[in-house]
Amino acid sequence: MKYQKLENQEAHWKWVYLTKKAREGENVTRYAEKSLQEDIVKQLIGCQNYPQKIEEWIKAHLAPELVIKMDQAIRARRKRFFNGEKQSTKKKSIDLEYAVWLRLSKYSRKMKMTLSETIMYMIDEREKKALYENQMSAMKAGLKDLLK
């Protein structure tokens, strides 16, 4: 496993995930009755600072269709958390206008690269072009001096 599992932290992330879903009106329990759902969610909310109780609640009451979704969300959160510790792996973001993003995205697919790789490629190509232009200018100046 690449990223370490910290049980207390992951229990908190699960609690945050489930309470957010419940606030949005989604049924996070395996029960169909509305009043029972509300009571069970109140129990979850009361477990906030008790990681063991959160895990027990999940085993006893979590809706089966949310198991995979929650695991994926926690896995992504764990990856972002550990990648955020190092400057080199921390995600950075830039704002692009839609038209620019669309062109970059099409070019990336054509080149079979990620957006980041495509941007790096374009920067490298521009730097190579500038270096080539400088060399050509120096050669032209040298030729002019020779022909004088």
Side-chain angles (χ1 to χ4, degrees), residues 1-140:
M1 179 186 307
K2 186 174 180 181
Y3 304 106
Q4 181 181 7
K5 285 187 177 182
L6 306 172
E7 292 178 19
N8 289 347
Q9 191 167 48
E10 292 206 12
H12 176 70
W13 289 340
K14 290 175 184 179
W15 181 88
V16 169
Y17 176 83
L18 292 170
T19 54
K20 180 179 179 245
K21 290 279 186 195
R23 265 194 317 262
E24 291 171 350
E26 193 171 324
N27 180 16
V28 295
T29 68
R30 61 180 69 199
Y31 311 110
E33 187 182 323
K34 195 74 171 164
S35 61
L36 183 57
Q37 289 173 14
E38 291 170 0
D39 290 341
I40 299 297
V41 169
K42 284 179 185 175
Q43 286 178 11
L44 173 65
I45 292 170
C47 295
Q48 179 178 4
N49 298 316
Y50 305 99
Q52 190 63 35
K53 288 184 180 181
I54 294 170
E55 293 298 333
E56 290 170 6
W57 187 97
I58 289 170
K59 287 177 186 160
H61 305 293
L62 184 64
E65 61 273 7
L66 271 183
V67 172
I68 293 173
K69 286 182 182 180
M70 184 178 68
D71 286 347
Q72 289 172 337
I74 298 303
R75 192 176 315 117
R77 185 102 184 239
R78 187 183 317 125
K79 182 178 188 280
R80 282 191 305 273
F81 176 80
F82 283 106
N83 283 346
E85 289 181 336
K86 293 183 193 167
Q87 188 69 20
S88 61
T89 55
K90 188 174 186 176
K91 291 284 185 182
K92 284 68 169 184
S93 64
I94 57 172
D95 291 330
L96 297 174
E97 293 177 9
Y98 178 76
V100 174
W101 172 83
L102 188 61
R103 286 183 67 191
L104 184 62
S105 178
K106 285 179 183 176
Y107 191 66
S108 294
R109 275 188 249 118
K110 181 177 146 189
M111 300 292 287
K112 294 185 170 103
M113 297 178 172
T114 65
L115 293 176
S116 294
E117 290 169 339
T118 304
I119 291 169
M120 288 295 293
Y121 173 78
M122 294 170 95
I123 291 170
D124 290 344
E125 287 298 309
R126 181 63 191 118
E127 288 173 346
K128 287 177 188 173
K129 184 178 177 184
L131 182 62
Y132 175 76
E133 287 173 353
N134 289 339
Q135 289 173 345
M136 290 304 291
S137 297
M139 286 175 59
K140 283 180 183 178

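Across Leu18 and Val28, no two heavy atoms sit closer than the pair O-CG1, 3.7 Å. Minimum interatomic distance between Ala60 and Tyr31 (heavy atoms only, all atoms of both residues): O-OH, 3.7 Å. Annotation for Arg30 and Lys59: closest pair NH2-O, 3.6 Å, computed over non-hydrogen atoms. Closest approach of Leu115 and Ser105 over heavy atoms only: CD2-CA, 3.8 Å. When all heavy atoms are compared, the tightest approach of Asn8 to Pro51 is OD1-CG, 3.4 Å. In terms of heavy atoms, Tyr17 sits closest to Leu66 at OH-CD2, 4.0 Å.
Between Lys20 and Glu24 a salt bridge is recorded (basic side-chain N to carboxylate O distance below 4.0 Å). Using a 4.0 Å cut-off between a side-chain N of Lys or Arg and a carboxylate O of Asp or Glu, Lys14 and Glu55 qualify as a salt bridge.
Side-chain contact check for Leu62 versus Thr29: every heavy-atom pair is 4.5 Å or farther apart. The closest side-chain heavy-atom distance from Met113 to Tyr107 is not below 4.5 Å. Two residues are said to be in side-chain contact when any heavy atoms from C-beta on lie closer than 4.5 Å; Thr118 and Thr114 fail this criterion.
A donor-acceptor pair under 3.5 Å is absent between the side-chain atoms of Glu10 and the main chain of Ile74, judged by distance alone.
Around CD1 of Ile68, the count of heavy atoms belonging to other residues, nucleotides or ligands within 6.0 Å does not exceed 12. Atom CE of Met120 has 12 or fewer heavy atoms from other residues, nucleotides or ligands within 6.0 Å.
Between atom CD of residue Glu38 and atom CD of residue Gln43 there is a gap of 13.0 Å, rounded to the nearest 0.5 Å. Taking CG from Asp71 and CZ from Arg78, the interatomic distance works out to 8.5 Å, rounded to the nearest 0.5 Å. If you take OH on Tyr121 and CE on Met111, they are separated by 4.0 Å, rounding to the nearest 0.5 Å. A distance of 10.5 Å separates OG of Ser137 from CE of Met139, quoted to the nearest 0.5 Å. Distance check: Glu133 CD to Lys128 NZ gives 14.5 Å after rounding to the nearest 0.5 Å. Interatomic distance, CZ of Arg75 versus CD of Gln72, reported as 6.0 Å (0.5 Å rounding).
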> Does the side-chain contact (heavy atoms from CB on, under 4.5 Å) test come out yes or no for Met70 and Ile58, once each step is laid out?
Replying inline: CA-CA 11 Å; Met70 184 178 68; Ile58 289 170; 4.0 Å; yes
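Between His12 and Trp15, the ring-plane angle classifies as parallel under the 30° and 60° cut-offs.
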